[in-house]
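Along the sequence shown, residues are numbered consecutively beginning with 1.
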Amino acid sequence: PGTTRLVVWLETADGTVGVGETICLLEFIEPVLAKTVIPLAVGEDACAIERLVRKVEGAGYYHHKRAMVMALAAVEMACWDVVGKTAGLPLCKLWGGPYRRHVPVAAYVQSDDPDHVAREAAAAVAAGFGTVKVKVGMGEHLDVELVRAVREAVGPAVKLRADANGAWTVGTAKRTLRKLEPFDLEYMEQPLPLEDLAGHAHLRQLTSVPIALDESAYTLQDVAAILDARAADVVLVDPHEAGGLLQARKQAAACEAAGVPVTLH
């Protein structure tokens with residue numbers, strides 16, 4: 001629809017203002033936010049975030065959980081803003097302190113023209129990016145050419161990821177990943193449709209390319225299913241798609257316990 005983010009301003013009785021955001025690429029998110037999540041949040045303690053999450057979950061959206069979590073994320077994040085302002089501390093200190101001084105960010109290139117993605121990737125590296133992600137899932141031969149062009153443009157030292165957005169079947173993934181192994185991908189993101197955890201687990205046994213799951217890993221329960229199925233080498237968490245910062249932290253903790261690396265979508 002054009003707009004990519006919904007921003008929520010939350011004001012408490014003492015005048016503290018919290019700000020949160022979520023995605024709104026899907027048209028159902030705004031009405032769920034306005035008609036269900038916000039009315040349930042009004043009158044609650046902004047610092048009682050676990051209670052708010054459980055209250056919204058119990059409001060009938062267990063059948064449409066992905067609609068609920070995307071709408072909830074904006075209010076949940078605004079609540080955490082209130083928590084930090086009330087405590088007078090950044091959330092990283094409330095959550096145990098900063099772990100790293102700098103957070104690396106990946107450049108993202110998308111085109112069906114290998115020459116175009118090669119130029120964009122080279123420009124990103126020149127600008128200081130150490131990781132590049134390229135969109136694939138456009139056709140078996142073209143996918144290989146896109147990855148080849150980017151690898152040749154950025155050289156061997158830059159980390160390279162690819163994202164198929166669930167466009168492949170198991171057969172296509174088996175053939176294509178074999179062809180992509182020489183390009184030293186950091187991981188292949190979501191090669192198969194999100195429901196196919198068995199297929200992703202099967203691919204992990206067939207290729208040296210690590211398998212990362214994103215669309216399969218929206219909710220806390222999604223991540224539990226991935227870990228149970230041993231379906232991913234890497235899990236991509238996203239507060240907008242998990243229901244907020246608290247749920248994303250729970251997802252990361254579950255992965256940590258299972259020895260599965262996590263990055264942010």
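For W9, the CH2 atom is loosely surrounded, since the number of other residues' heavy atoms within 6.0 Å does not exceed 12. Within a 6.0 Å radius of CZ in R230, no more than 12 heavy atoms belonging to other residues, nucleotides or ligands are found. In E140, the CD atom is crowded: over 12 heavy atoms of neighbouring residues, nucleotides or ligands sit closer than 6.0 Å.
In this structure, R161 and A106 approach most closely via the heavy-atom pair NH1-CB, 3.9 Å. Heavy atoms only, all atoms of each residue included: A242 and A248 are closest at CB-N, 4.1 Å. Contact detail for A71 and L33: the closest heavy-atom pair is O-CD1, 3.3 Å. For the pair A173 and L203, the tightest heavy-atom approach, listed with the atom from each and the gap, is CB-CD1, 3.7 Å. In terms of heavy atoms, G15 sits closest to E11 at CA-OE2, 3.9 Å. Closest heavy-atom contact between A59 and L40: CB-CD1, 3.5 Å.
Between L52 and C79 the shortest side-chain heavy-atom distance falls below 4.5 Å. Counting heavy atoms from C-beta outward, W168 and M188 have side chains that approach closer than 4.5 Å. In this structure the side chain of P191 never reaches within 4.5 angstrom of the side chain of V136, judged on heavy atoms. Annotation: side chain of F129 is not in contact with side chain of V158 (no heavy-atom distance under 4.5 Å). The closest side-chain heavy-atom distance from V19 to V7 is below 4.5 Å. Residues L177 and K174 form no side-chain contact, since every pair of their non-hydrogen atoms from C-beta on lies 4.5 Å or further apart. Counting heavy atoms from C-beta outward, M68 and V56 have side chains that approach closer than 4.5 Å. Annotation: side chain of V134 is not in contact with side chain of Q110 (no heavy-atom distance under 4.5 Å).
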Side chain to side chain contact (heavy atoms under 4.5 Å, CB included), that's the test. Do L94 and V83 meet it? Break it down for me.
CA-CA 9 Å; L94 291 173; V83 169; 3.9 Å; yes
Pair R249, E256 - check salt bridge (Lys or Arg N to Asp or Glu O under 4.0 Å), show working.
CA-CA 10 Å; R249 292 175 65 217; E256 180 182 10; over 6 Å; no
Carefully, step by step, assess V42 and I38 under the rule side chain to side chain contact (heavy atoms under 4.5 Å, CB included).
CA-CA 6 Å; V42 171; I38 289 176; 4.2 Å; yes
Hey, mind stepping through V234 and T263 against side chain to side chain contact (heavy atoms under 4.5 Å, CB included) and telling me if it holds?
CA-CA 7 Å; V234 182; T263 187; 4.2 Å; yes
Dump the intermediate steps for side chain to side chain contact (heavy atoms under 4.5 Å, CB included) on D184 and L160, then the final yes or no.
CA-CA 7 Å; D184 191 26; L160 180 57; over 6 Å; no
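At a threshold of 4.0 Å, the pair K133-E186 does not count as salt-bridged, since none of the basic side-chain nitrogens sits closer than that to a carboxylate oxygen. Ionic pairing of E145 and K179 is not present here: no N-O contact between side-chain nitrogen and carboxylate oxygen is shorter than 4.0 angstrom. Salt-bridge annotation for R66 and D222: present, with a side-chain N of the basic residue lying under 4.0 Å from a carboxylate O of the acidic one. Salt-bridge formation is detected for the pair K85/D81: a Lys NZ or Arg NE/NH1/NH2 atom is positioned less than 4.0 Å from an Asp or Glu carboxylate oxygen. Salt-bridge annotation for R51 and E44: present, with a side-chain N of the basic residue lying under 4.0 Å from a carboxylate O of the acidic one.
Linking ILVMFWY side-chain heavy atoms closer than 4.5 Å, directly or via other members, places W95 and L246 in a single hydrophobic cluster. When the side chains of ILVMFWY residues are joined at heavy-atom separations under 4.5 Å, either directly or via intervening members, L220 and L213 end up in two distinct hydrophobic clusters. Residues L91 and V75 share a hydrophobic cluster, clusters being chains of Ile/Leu/Val/Met/Phe/Trp/Tyr side chains in contact below 4.5 Å. In this structure, Y108 is not a member of the same hydrophobic cluster as V237, with clusters built from ILVMFWY side-chain heavy atoms closer than 4.5 Å. Hydrophobic clustering of Ile, Leu, Val, Met, Phe, Trp and Tyr side chains at less than 4.5 Å, counting indirect connections, keeps Y187 apart from L206.
H116 places no side-chain N or O within 3.5 Å of a backbone atom of D112 that could act as its donor or acceptor partner. In terms of modelled atom types and a separation under 3.5 Å, the side chain of T16 and the main chain of T12 share no donor-acceptor contact. At least one donor-acceptor pair under 3.5 Å links the side chain of D233 to the backbone N or O of I211.
To the nearest 0.5 angstrom, E76 atom CD is 11.5 Å from L10 atom CG. Considering CZ of R151 and CG of L146, their distance stands at 14.5 Å, rounded to 0.5 Å. To the nearest 0.5 angstrom, T219 atom OG1 is 11.0 Å from E241 atom CD. Rounding to the nearest 0.5 Å gives a distance of 6.0 Å between CG of L197 and CD1 of I226. The OG1 atom of T169 lies 6.5 Å from the CZ atom of R175; values are rounded to the nearest 0.5 Å. M70 contributes atom CE, which lies 5.0 Å from atom CZ of F28 (distance to the nearest 0.5 angstrom).
Each of L6, L72, V37 was scored for a side-chain contact (heavy atoms from CB on, under 4.5 Å) with I29, with one residue passing: L6. With E215 as the partner, the side-chain contact (heavy atoms from CB on, under 4.5 Å) test is satisfied by one option alone out of D238, L236, L192, L194: L194.
Counting only N and O atoms by type, the side chains of S216 and Q190 include a donor and acceptor under 3.5 Å apart. One side chain, E181 or T207, offers a donor N or O that lies under 3.5 Å from an acceptor on the other. Between the side chains of H240 and E21, at least one donor-acceptor pair of N or O atoms lies under 3.5 Å. Side-chain contact of S111 with D113: a donor-acceptor pair under 3.5 Å is absent, judged by distance alone.
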